[in-house]
Structure formats: structure tokens, C-alpha cells
Amino acid sequence: MVLKICCIGAGYVGGPTCSVIALKCPDIKVVVTDKSESRIQAWNSDRLPVYEPGLDEVVKQCRGRNLFFTTDVDTAIKEADLIFISVNTPTKTFGFGKGRAADLRYIEAAGRRIAEVAKSSKIVVEKSTVPVRAAESINNILKANTKPGVSFQVLSNPEFLAEGSAINDLLHPDRILIGGEQTEEGREAVQKLCCIYKHWIPEEKILTMNTWSSELTKLAANAFLAQRISAINSISAICEATGADITEVAHGIGTDSRIGPKFLTASVGFGGSCFQKDVLNIVYLSECLNLPAVAAFWHQVIEMNNFQRTRFARRITEKLFNTVAGKNIAVFGFAFKKDTGDTRESPAIYICKHLLEEGANLHVYDPKVPEQQIRIDLTYSEGIEDCFKVDQQVTVCTDPYSAAVNTHAIVLCTEWDEFLGLDYKKIYDSMFKPAFLFDGRKMLSIENLQKIGFHVETIGVKTSRIQNRNVADA
Ligand code: UDX
Ligand code: UDX
């Protein structure tokens, strides 16, 4: 029986996951650790470091009862029966595999720390998304450093939560994946982890398999989702060139039950910490396995995403009479999707940088991303400072109305619900004319905006077609 759990890494994955485990398993003590003092302080305060609908209530209910946040990782490791590793695994920015392979140094460091301080046997669970066979590396490190009487079992238990719906995804997952060694000890460890999830998840939704299958399933699931978005985005480019409407096409495709409606919303490109990284992981894995055709196939998903972002950014300049130099542009939304303050790989970063390089002044508004984060994201790319002047060209605004004042265009990058209910007439009146609106999430009513007077550009629709349709409507 697992009575004490330790989690290494209190990020977007470790924090919410362990909070829900603590909520559903009041008999288990859950200690979440992080090397960052400020992150732990935030977890222990009223302002959690991660914005996730529903998370506050869960933490409030359990914190101090059976849920604890601390930087004292050693004590937590010593006490625990089971340890989740949820540290980040960014794409390498240096050396062999740069730009493709996952940087596993934090995972390795966690493994070494566990081997060093553990005085009793532990189950070590890989929660971070890792390349296939990473569990084996953790296993090797642990086995090579084992003390007498101490043994380790390494499991893979990848997370499928999406940011913004993490709590719901954790409470009602489609499935839980647990991979383990096909030995008696391995199966026993798998069962112990199953027991935790069985507190709230029906048994048939808990899938057990070998470790490598579990690791690959996680990468493959994200790659399939990313591939669908790149596929629909490629069709959106055809729509813009021909006059077909992407919403109609996506609906038509999605009603084929074999395809289904999910992940068919054309957008300015996918972002987030996982899709790009995991697809690149598969690319790198395929290259290492001498399967160049497989690598090229998956790499195209990333290239399509880059194409979509660039295409949208160029369209803005083009429509603004081929120059944005010295023009003011309001940017609505900076997070990689709604209901999260996370900006990792956010398409908004790419679009803003493109506009800054073209000499535009940006008024950025996002309901959840802090100003400092916006400035960091726009200032650095892999540690190199860009040529434009973020401090002079970027103003971060606290509401959308003030962001729009005296601008030539609005660029909507994130599909926050609040953008649906704004007074666009008031916004229009405060802008320079002609006033443009570029809807990167195709969430606003083109007709309503055009009635106000906006020139509207959206994903997957040819502009002339929109205008013709309105003339026909009138
Ligand atoms: C991470 C991975 O990026 C993802 O691939 C995986 O599926 C889940 O874990 P996330 O939780 O979103 O995702 O990362 P992040 O929010 O950066 O959290 C990681 C935390 O680990 C950070 O708070 C960091 O301070 C902490 N950490 C990192 C440690 O405590 N120790 C370390 O050695 C490294
Ligand atoms: C994803 C997976 O969904 C989740 O299962 C996995 O564990 C982690 O990676 P996340 O990155 O949080 O989750 O967000 P997700 O909702 O999948 O969206 C990713 C990106 O795709 C966002 O930028 C989103 O705006 C975009 N997207 C999503 C589209 O452009 N169109 C769609 O139809 C769906």
C-alpha cells in the first residue's frame, strides 16, 4: 500500500495532478516539492503559480490536510513510498540533437537525487513526457547506485491533462496509462499505482502495458493531435486561396464519425509546452532509429505549424498597405490558448516578433499573462537578444479597450471568452481608420464586425468572399 507520495516538480503537471490525488485519496499524504523557492511560496499562498479553473478549490480543501508544498525534496523522498518525477523536459538548445531531442538533465538529476537519499525501497514514476526508453535510463542510474536493502521499480505514467481543463481532465480522464517492467516486482508496483487511481477512476479506464509502450503512447497521442491541427490548417490555406470556408469544411469532415469533430479548429497554429516538443521527439527518435521517411513525415507537422504562423503574420502587414512600421497594433491574447497563463510556444510570440521586426508598436492585452512574462518572451529567443526594442515598442495593457485606443489594427491571438462580449463599436470608435481586425482564432462574427465598419481578416476564409457574402446579404 502506498501511504506517502512525493512529487518532484511543482509545475503545470505536478501541481494539479498531485492536488487531485490528495483530494481523492485522503488516506495518502502527498508532498509536492520544487527547487524553486518562489514557486513553493506561491503554492502555499492564495495566488497559486498556475492558473487552472477549479484548482484553487481543490488546493484549499487539501492543503495542510494531506497536501503539502515544500522545497525540502530530500525529506520528502526519504518518507515516500512512491515518487512522481514531474520536472520539465525542454527541447535541447545545444549540442547533439539540438532543436529536436529532449533535454533530460532534470530527469537524470531527480533520479540521482533519489538514489542518493533513499533509505528504503521506492516506486519511481515517470510523469514527465520523455523519449522512449527514458525509464530505462532512470532504472540504470538507480540500480547503479542502490544501497543494500533498497530496491527501485520505475514506472511510466504519462499525463494527458490539457492546460485550462486540467482539473476536469484529471477527475474524468479518458484513460490512465501505466507502464511497468514485465516481472513480478514490476507488476506489483503497477498494481500499487493502480490502487491510487482506483480511488476515483473506473478500473476499465486504467490501461497497463510495458514501459516503452506507455512512453511511446504519450508521444504518439500528442503527435496525432498536433498532426490534425496542422492538417486542418493546411486546408485553411487552400480555403483562403479558393473561397471555400474552413468552418464549413471542418464541419463536413468532422461529421464523418471515423474522423470526428475534435481538434479540427483551424487556428493561427498550435502552441503549448507539449505538441512541438513531442513531435520533435518522434522526429529525433526516428532519425536515431534510421527511419528518415518517418522523421520527415512528422517533421512536416511542425513545418506546417510554422507556415501557418508566418502566413498569418505576413497577411497582417500585407493588408495594412504593406507596411506596419510606426503603426500601433493591439494584440488581444498572449497565452497559447484560453484559460491558461502559459505562454510556452504561444503563436502570439511569433506573430508579435514578426510585427516588431517590421517596426510596429504593440499594445498587448492578456487577462492572465503577467507583463513581465510578455516582456521576457518578446525579448529573448534562445538567449539571444533580438534587434527590435521591446521596451520602446511594446506597451502591456490591463484591459482590451485601452489596448485598442489609437491603433490601426487588432490582432486576436488567443480565444479568451471575454473577447466575445466586448463592445466592438466602442473599440472601433477609438481606433484609426480604416480599422482592421485580424481574428487568428476565427471566434468573432465577421458580419457584426463588418457592420460596425471593421475590415476583417480571419483564418480559412477568403476576404473577398466575406465581403461578397455581405453584399449579397444586404
Ligand atoms: C513538464 C514537462 O515539460 C512535460 O513534458 C511533462 O509532460 C510534465 O512536466 P510542466 O509541469 O508543464 O511540464 O513543466 P513546468 O511547469 O516547467 O514544471 C516543472 C517544475 O519542476 C518547475 O517548477 C521546476 O522548478 C521544477 N524542477 C525542475 C525541479 O523541482 N527540479 C529540477 O531539477 C528541475
Ligand atoms: C496537450 C494535449 O491535449 C494533452 O493531452 C497533453 O497531455 C498535453 O498537450 P495542451 O498543450 O495543454 O495539451 O493544450 P491543447 O488543448 O491540446 O492545445 C494545444 C494547442 O493547439 C493550443 O495552442 C490550441 O489553441 C491549439 N488547438 C487545439 C488548435 O489550434 N485547434 C484545435 O482544434 C485544438
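These numbers come from a predicted model, not from an experiment. Every number for a ligand or one of its atoms is a count from 1 in the order of the listing.
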What is the nearest protein non-hydrogen atom to [atom], stated with its residue, atom name and distance?
{"atom": "atom 32 (C) of ligand 2", "result": "Thr265 O, 3.6 Å"}
{"atom": "atom 21 (O) of ligand 1", "result": "Gly9 CA, 3.3 Å"}
{"atom": "atom 18 (O) of ligand 1", "result": "Gly11 CA, 3.1 Å"}
{"atom": "atom 5 (O) of ligand 2", "result": "Phe160 O, 2.9 Å"}
{"atom": "atom 8 (C) of ligand 1", "result": "Val13 CG2, 3.3 Å"}
{"atom": "atom 1 (C) of ligand 2", "result": "Phe275 CE2, 3.4 Å"}
{"atom": "atom 30 (O) of ligand 1", "result": "Lys35 N, 3.0 Å"}
{"atom": "atom 6 (C) of ligand 1", "result": "Thr129 N, 3.2 Å"}
{"atom": "atom 14 (O) of ligand 2", "result": "Lys337 NZ, 3.0 Å"}
{"atom": "atom 7 (O) of ligand 2", "result": "Lys218 NZ, 2.9 Å"}
{"atom": "atom 26 (C) of ligand 1", "result": "Asp34 OD2, 3.2 Å"}
{"atom": "atom 33 (O) of ligand 1", "result": "Tyr106 CD2, 3.9 Å"}
{"atom": "atom 12 (O) of ligand 1", "result": "Arg344 NH2, 2.7 Å"}

Item to check | Shortest non-hydrogen contact between Ser214 and Leu177, atoms and distance | outcome: O-CD2, 3.8 Å
Next on the checklist: With heavy-atom distances below 4.0 Å as the criterion, list the atoms of ligand 2 near Gly271.
Outcome noted: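 Contacts of ligand 2 toward Gly271, numbered from 1: 19 (C), 20 (C), 22 (C), 23 (O).
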Next on the checklist: Out of all atoms in ligand 2, which are within 4.0 Å of some heavy atom of Ser267? Include the element for each.
Outcome noted: 29 (C), 30 (O)
Strictly below 4.0 Å, N to O, side chains only: are [X] and [Y] in salt-bridge contact?
{"X": "Glu287", "Y": "Arg100", "value": "yes"}
{"X": "Lys338", "Y": "Asp417", "value": "yes"}
{"X": "Glu203", "Y": "Lys198", "value": "yes"}
{"X": "Arg311", "Y": "Glu240", "value": "yes"}
{"X": "Glu108", "Y": "Arg112", "value": "yes"}

Checklist entry - Parallel, tilted or perpendicular for Tyr51 and Trp416, by the 30°/60° rule? => result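 Tyr51 and Trp416: tilted rings.
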Checklist entry - Using 30° and 60° as the class limits, which term best fits the ring planes of Tyr365 and Phe419: parallel, tilted or perpendicular? => result perpendicular
Item to check | Pair Arg113-Asp74, salt bridge (Lys or Arg N to Asp or Glu O under 4.0 Å): steps then yes or no | outcome: CA-CA 8 Å; Arg113 193 90 211 140; Asp74 290 359; 2.7 Å; yes
Is there side-chain contact between [X] and [Y], with heavy atoms separated by less than 4.5 Å?
{"X": "Thr265", "Y": "Ile232", "result": "no"}
{"X": "Asp34", "Y": "Trp43", "result": "no"}
{"X": "Val31", "Y": "Ile5", "result": "no"}

Please classify the [X] to ligand 1 contact at 4.0 Å (heavy-atom distances, strictly less than): side chain, backbone, both or neither.
{"X": "Glu159", "result": "neither"}
{"X": "Arg39", "result": "side chain"}
{"X": "Ala109", "result": "neither"}

Please say whether the positively charged group of [X], taken as NZ for Lys or CZ for Arg, lies over the ring of [Y], i.e. under 6.0 angstrom from the six-membered ring centre and within 45 degrees of the axis.
{"X": "Arg309", "Y": "Tyr350", "result": "yes"}
{"X": "Arg315", "Y": "Phe438", "result": "no"}
{"X": "Lys29", "Y": "Phe68", "result": "yes"}

Checklist entry - N/O to N/O below 3.5 Å, does that happen between Ser273 and ligand 2? => result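 No, since none of the N or O atoms of Ser273 sits under 3.5 Å from an N or O of ligand 2.
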Checklist entry - Does at least one non-hydrogen atom of Ala110 fall below 4.0 angstrom from an atom of ligand 1? => result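 In this structure, Ala110 fails to qualify as a contact of ligand 1 - no heavy atom is under 4.0 Å.
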Item to check | Lys277 touching ligand 1 at heavy-atom level, < 4.0 angstrom | outcome: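 Yes, Lys277 has a heavy atom closer than 4.0 Å to ligand 1.
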For ligand 2, note which part of [X] has a heavy atom under 4.0 Å away: side chain, backbone, both or neither.
{"X": "Arg441", "answer": "side chain"}
{"X": "Cys274", "answer": "side chain"}
{"X": "Asn233", "answer": "neither"}
{"X": "Asn222", "answer": "side chain"}
{"X": "Ile229", "answer": "side chain"}

Item to check | Which of the ligand 1 atoms, numbered from 1, are nearer than 4.0 Å to a heavy atom of Ser86 | outcome: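 Answer for ligand 1: 9 (O), 19 (C).
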Next on the checklist: Using a 4.0 Å cutoff against the non-hydrogen atoms of Ser128, which atoms of ligand 1 qualify?
Outcome noted: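 With Ser128 as reference, the close atoms of ligand 1 come out as 6 (C), 7 (O), 8 (C), 9 (O).
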Checklist entry - Taking atom 17 (O) of ligand 1 as the point of reference, which of Asp342, Asn281, Leu161, Asn88 owns the nearest heavy atom? => result Asn88
Item to check | Nearest-option assignment for atom 23 (O) of ligand 2, heavy atoms, candidates Phe263, Tyr12, Phe336 | outcome: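 The residue whose heavy atom sits nearest atom 23 (O) of ligand 2 is Phe336.
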Checklist entry - Would you say Asp46 has more than 12 foreign heavy atoms packed within less than 6.0 Å of its CG? => result no
Next on the checklist: Would Lys277 and Glu345 count as a salt bridge (Lys or Arg N to Asp or Glu O under 4.0 Å) here? Give the steps.
Outcome noted: CA-CA 9 Å; Lys277 174 172 70 102; Glu345 291 300 331; over 6 Å; no
